[in-house]
Amino acid sequence: MNIFRDFTARVTSAVEVILAARDSAPVDLSRIVVEPPRDAAHGDLATNAAMVLAKPLGLKPRDLAEAIAGRLRDDEDVASVEVAGPGFINLTLAAPYRAHALKSLIQAGSDYGRSRIGGDLKVNVEYVSANPTGPMHVGHCRGAVVGDALANLLDWGGYDVTKEYYINDAGGQVDVLARSAFLRYREALGEEITIPEGLYPGDYLKPVGTALADVHGRTLLDMPEAEWLPLVREAAISAMMLMIRDDLALLNVHHDVFFSEKTLSGENGGKIGATIADMEKKGFVYSGTLPPPKGQLPDDWEDREQLLFRATDVGDDIDRPLVKSDGSYTYFAGDVAYFKDKFDRGFRQMIYVLGADHGGYVKRLQAVGRAISGGTASVDVLLCQLVKLYRAGEPVRMSKRSGDFVTLRDVVEEVGRDAVRFMMLYRKSDAPLDFDFQKVTEQSKDNPVFYVQYGHARAASILRNAAQDLPALDLSGAALAGADLALLDDAGEISLQRRLAEFPRIIESAAEAHEPHRVAFYLYELAAEFHQQWNRGKDLPQLRFINPEQPQLTAARLALVHATKLVLSSGLLVLGVDAPEEMR
RNA sequence: GCACCCGUAGCUCAGCUGGAUAGAGCGCUGCCCUCCGAAGGCAGAGGCCAGGGGUUCGAAUCCCUUCGGGUGCACCA
C-alpha cells in the first residue's frame with residue numbers, strides 16, 4: 001500500500017464534500033498532493049490542498065484549511081490534524097493505522113514498492129550501443145548502469161520495458177575493424193605486421209586473426225579486399241559483440257534485444273528507404289540546400305542540394321541530411337528507420353541513454369519522434385556526463401592514443417560490480433561524476449555502497465541473533481506481520497516507519513522522472529536511519545531491537561527490522577546491487 | 001555565432017516536478033565510546049541557492065537576462 005496515495009484520496013474526498021456543500025463550480029483537484037513534511041515535527045503527512053484550491057474558490061487558504069482539517073479529524077486513522085504556515089494541513093497518523101501500514105508492507109514482501117503507474121506502456125530503453133570495435137572501456141560503465149537501473153525502475157513502476165542495444169555494424173568504422181582484424185590474420189599466418197595509423201592496434205583482435213586463420217587457412221590472402229572484407233568484418237563483429245556481452249555481464253547488464261543497424265538497409269534501400277518514402281508522404285522530406293554551419297567552416301564544405309528531413313517543422317534547429325554526397329544514406333537516416341522500427345513494434349516511449357558528447361543529438365531525435373509517431377510516442381534522452389577516475393584523490397591518467405585506456409573489466413575486477421553500479425547511480429546522470437578506486441572499497445560511513453549494504457547485512461545479523469537468542473520466536477514474515485506493531489512508539493521507530501512508507505513513492509517518482517539516482521539516495525537515507533536507531537540501543541538498552549524480557553515488543557521491533565531489510569533489498573535489486581546477508 | 005547541460009556550505013553533492021526555518025557526507029570544532037550486536041556515537045559552527053529582473057499567496061525549482069564552466073555544431077559513426 002501507498003499511504004500517500006491513500007491519503008490523497010481521503011483529502012480529495014474531504015474536499016469534495018466541502019465543495020458539494022458550497023455548491024460551487026467544479027475545480028481542478030489534481031494539484032492536491034500529500035507528501036512527507038519537510039520537518040518531522042510537523043507530523044507524518046502534509047497536504048497543500050487548501051493552498052492550491054483557495055484561489056479558484058475565492059477563499060482564504062487558512063479558512064479552507066480549517067474546513068478540510070475539520071473533516072479529516074473525523075477520520076479514525078488520523079491522530080491529529082494541524083493547520084500551519086500559509087495553509088498546510090499536517091496530519092499525524094493514529095498508531096493502529098501506522099501498524100496497519102507496516103503490516104501490509106511485510107505482507108507485500110518483495111512486491112512492496114511495485115506500482116501500476118506505468119499502465120503497461122511499452123517503453124524501449126536503448127543504452128550502451130557501443131561500437132563493436134573493441135572491449136568496453138570505463139567510459140561505457142555509466143551509461144550501461146544508468147540504462148540498466150532505469151529499465152529495472154520502469155519495470156517496478158509498471159511499464160512494459162525492453163532493454164535494447166543498437167549495434168553500429170554498418171558504418172565505416174566496422175570496415176576499419178575488418179582491416180585491423182585482417183592484419184592480425186596475416187600475423188597469425190606468420191607475417192611480421194605493423195599497424196598503421198587509423199587502424200585499431202589493440203591486442204584483443206589477435207584471437208580474431210587466429211580464428212580466421214584456423215577457418216580460412218591462407219585462402220583470404222589471394223582474394224581482393226572487396227571479397228575478404230565482408231567475411232572478415234562479419235567474423236570480427238561477432239567476436240567483438242561476444243566480448244562486449246561478456247564485459248556487460250560483469251556488470252550484470254543484460255539486454256533483451258540486440259538490434260543490428262545493418263538490417264535496416266537492403267534491396268531498394270530496405271527499411272531506410274521505406275521509412276524515407278513514408279516520411280515523404282507526410283511531407284517531411286524534401287530536396288534542398290542547407291545554410292553553411294556557423295562558426296568555423298569545415299574545409300571541404302560544399303554547398304549542394306541533398307535530401308533533407310524537415311526537422312525544423314517538429315522542433316529542431318536545422319533540417320537534417322538523409323543522403324550523403326556519395327549517394328548512400330547518412331547515419332541519421334538509419335536512426336530514423338530504427339525509430340520507425342521501434343514504433344512499429346509498439347513502443348510508445350523511447351528512452352536513449354547516451355554520452356554527454358551526444359548533446360547535439362537530442363533535438364533531432366525528438367524531432368524524429370514527433371514526425372514518425374505524429375506525437376503519439378515520446379522521446380527522452382538521458383545524457384550521462386563524464387566519469388573522472390581517481391585513485392586516493394589523484395587523477396588517473398588515461399591515454400587513448402596508446403590504447404592504454406582503462407577497460408570496464410579492469411574497473412570491475414578491481415573494485416567489484418556492486419561498487420561500480422552503486423557509485424554510477426549515486427549522482428544525477430547529467431552531473432559529472434568522480435570515481436575514486438580507493439574510496440569505493442573503503443569500509444566506512446563515507447562509502448555509501450558499504451553503508452547501504454552494511455545496513456542490509458546488519459538487519460540480517462540482528463535477525464540471525466534473534467533466532468539464536470529467542471528460539472521460540474517465529475521470525476517468518478507472516479509471523480512478524482502478526483506482531484502487535486502498534487507497540488512501536490519510539491520516535492526513532494516511527495521515523496523509520498515513515499521512511500519505509502516513502503519507498504513506493506520514491507519508486508514512482510524516480511520512474512516517472514527517469515532518475516534512478518533517487519533510489520540510491522533514498523537507500524542511503526534509509527540505511528542511515530536504521531543505523532541510527534541501532535546506535536541508540538547502544539546507550540539505551542531499552543531501545544535495542546532484541547529485548548528478551550519483552551517478547552511482544554521484540555517481535556514488533558524485529559518486524560521493523562524485517563521490513564527495513566526488505567526495502568533495502570528491493571531497492572538494491574532495482575539498482576542491480578547485491579544485498580549481502582553479511583559483510584566480509 | 002548558435003544549441004543543450006551545469007553553477008546550492010571550504011570540498012563532493014541531494015533537494016521528492018512551485019511549498020513551511022534550504023539538507024547529507026567529507027573536512028573543521030567540542031564532548032562520548034573504543035567491555036554489548038565488528039568496521040564508531042552525539043552535538044556545533046559553516047549559505048545573498050552565481051548576479052539581476054519577472055511570474056504568484058509562495059521560487060533553489062518556472063520565464064527573461066548577464067556572468068562563469070562543460071559539451072556539441074553539413075556529408076563521419
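Since we're looking at a predicted model, the values are computed, not measured.
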Residues 378-386 of chain A side chain polar contacts: donor-acceptor under 3.5 Å, at least two apart:
residue	atom	partner	partner atom	Å
A:S378	OG	A:Q349	NE2	3.2
A:D380	OD2	A:H514	ND1	2.6

Worksheet item: Does the side chain of A:K428 get closer than 4.0 angstrom to OP1 or OP2 of B:A14 through an N or O atom?
Response: yes
Practice prompt. Please name all residues satisfying side chain to side chain donor-acceptor pair (under 3.5 Å) with A:Q306, sequence neighbours left out, ordered by chain then number.
Written response: A:R304
Quiz: residues 351-364 of chain A side-chain donor-acceptor pairs under 3.5 angstrom, not counting sequence neighbours:
residue	atom	partner	partner atom	Å
A:Y361	OH	A:D335	OD2	3.0
A:K363	NZ	A:D317	OD1	3.1
A:R364	NH2	A:G360	O	3.2

In a table with atom names and distances, give each donor-acceptor pair under 3.5 Å that connects a side chain of residues 420-427 of chain A to protein atoms at least two apart or in another chain.
residue	atom	partner	partner atom	Å
A:R421	NE	A:L575	O	2.9
A:R421	NE	A:G576	O	3.3
A:R421	NH1	A:D148	OD2	3.1
A:R421	NH1	A:L251	O	2.8
A:R421	NH1	A:N252	O	3.4
A:R421	NH2	A:D148	OD2	3.0
A:R421	NH2	A:L575	O	3.0

Discussion item. I need the residues from residues 357-368 of chain A with at least one non-hydrogen atom less than 4.0 Å from RNA chain B; give them sorted by number, or say none.
Written reply: A:D357, A:G360, A:Y361, A:K363
Worksheet item: Whole-Å distance between B:G23 P and A:L526 CG?
Response: 20 Å
Discussion item. Regarding A:I462, tell me which of base, sugar-phosphate or nothing describes its non-hydrogen contacts under 4.0 Å with the strands shown.
Written reply: base
Item to complete: Looking at every strand, decide which applies to A:E512 at a 4.0 Å heavy-atom threshold: base, sugar-phosphate, or nothing.
Response: base
Worksheet, complete the sentence: Here the salt bridge (charged side-chain N to carboxylate O under 4.0 Å, His left out) pairs for residues 514-536 of chain A, sequence neighbours left out, are A:R499-A:E525, A:R499-A:E529, A:E515-A:R518
Discussion item. What contact category does A:R320 fall into here, base, sugar-phosphate, or nothing, at under 4.0 angstrom with non-hydrogen atoms?
Written reply: nothing
Discussion item. By the 4.0 Å heavy-atom rule, please label A:Y524 as base, sugar-phosphate, or nothing.
Written reply: sugar-phosphate
